[in-house]
Amino acid sequence: MVMRILLSVALLLLAPGILAGKYDRFPIYVMTMNSQLNTPNVTYSTYGVYRGILLGALKRLEDSNADFKFTYTEDLNYGPYLESVNGLAGNDQEHTYWELLVKTKEGQIIRPDVGIGCYIPKANEQIILKYTTW
Ligand code: B12
Ligand SMILES: *[C@@H]1O[C@H](CO)[C@@H](O)[C@H](O)[C@H]1NC(C)=O
């Protein structure tokens, strides 16, 4: 009996947490930067959902903000490859590409080992799309 009450209490306490996890949307920021030209960094805000992929957040941003556009190609093995941002495309001959970096909420900059189709942003992260060379 006591166990049962304890169990119900535990479940009641857990439920809101589980629901919040599933239906939460949280802010994320997308910054474009260009290491080749001295153009200013631009930061856009959008949102992520629980365990949602970056590609979805980028599409949402594109739909909500006329100043942000991107294109991607589909790689057989690795999925979506970010090809262009706001009309500027990476180019194999020129060895340029859009690098995916992430500034975590602790302020650390990481380079994810997956692309935009697999990366799962967390709340308040800043996604950095950096036009650069390899
Ligand atoms: C060279 C290379 C690159 C070069 C490609 C230059 C070129 N055009 O030749 C550059 C520097 C551009 C690159 C970029 C990135 N890469 Co890379 N890359 C490689 C590497 C070392 C070799 C690929 C290769 O030449 N294979 C031989 C050729 C014959 O096969 P291929 O199928 O034609 O190769 C093409 C694809 O691999 C594609 N490609 C390369 N990287 C990526 C990443 C993604 C997400 C996609 C969709 C396609 C793709 O470019 C190649 C040439 O067209 C592999 C690791 C490996 N040893 O395989 C990682 C690898 C494929 N890359 C990886 C990653 C994560 C990235 C980045 C997302 C890194 C980042 N944080 O920015 C970015 C892509 C960002 C974007 N714009 O979407 C991962 C993919 C893992 C995954 N499951 O998503 C790998 C496996 C390395 C790893 N971390 O383990 N990459
Ligand atoms: C853009 O952001 C990067 C990374 O945060 C920073 O190093 C760089 O100085 C910024 N560039 C400009 C022009 O503000």
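Counting starts at 1 for both ligands and their atoms, in listed order.
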Within the 4.0 Å heavy-atom cut-off, what V114 brings close to ligand 1 is both
Honestly, for W134 the part within reach of ligand 1 (heavy atoms, under 4.0 Å) is side chain
Taking side chain as C-beta onward, heavy atoms only, is L58 less than 4.5 Å from Y72?
no
Next on the checklist: Any protein heavy atom at under 4.0 Å, with atom 64 (C) of ligand 1 as the reference point?
Outcome noted: no
Subject >> Side chain proximity check, Y131 to V85, heavy atoms < 4.5 angstrom >> reply: no
> Short question: side chain of W134, backbone of D92 - any donor-acceptor pair under 3.5 Å?
Replying inline: no
A student comparing Y72, Y81, Y97, Y131 should find that the heavy atom closest to atom 48 (C) of ligand 1 comes from Y81
task: Kindly indicate whether atom 41 (N) of ligand 1 is approached by any protein heavy atom to under 4.0 angstrom.
output: no
Verify the contact flag for atom 85 (C) of ligand 1, where contact means a protein heavy atom under 4.0 Å away. no
CD (E106) and CG (N124) are apart, to the nearest 0.5 Å, by 10.0 Å
Nearest heavy atom to atom 72 (O) of ligand 1, choosing from T132, L100, L129, belongs to L100
I'd like to know if atom 18 (N) of ligand 1 has any protein heavy atom within a distance of less than 4.0 Å. no
Judged by atom type as modelled, is there a donor-acceptor pair below 3.5 Å linking the side chain of R60 to the main-chain atoms of Y47? yes
Return a yes/no value: protein heavy atom under 4.0 Å from atom 9 (O) of ligand 2?
-> no
ask   = Purely on distance, is any nitrogen or oxygen of N41 under 3.5 Å from one on ligand 2?
value = yes
Item to complete: Kindly indicate whether atom 68 (C) of ligand 1 is approached by any protein heavy atom to under 4.0 angstrom.
Response: yes
Nearest heavy-atom contact between I28 and A57 is CD1-CB, 3.6 Å
Note: P80, heavy atoms under 4.0 Å from ligand 1, region reported as backbone
Taking every heavy atom of W98 against every heavy atom of S84, the minimum-distance pair comes out as NE1-CA, 3.9 Å
Residue, atom and distance of the protein heavy atom nearest atom 5 (O) of ligand 2 read M31 CE, 4.2 Å
Counting heavy atoms under 4.0 Å, the part of L82 that contacts ligand 1 is both
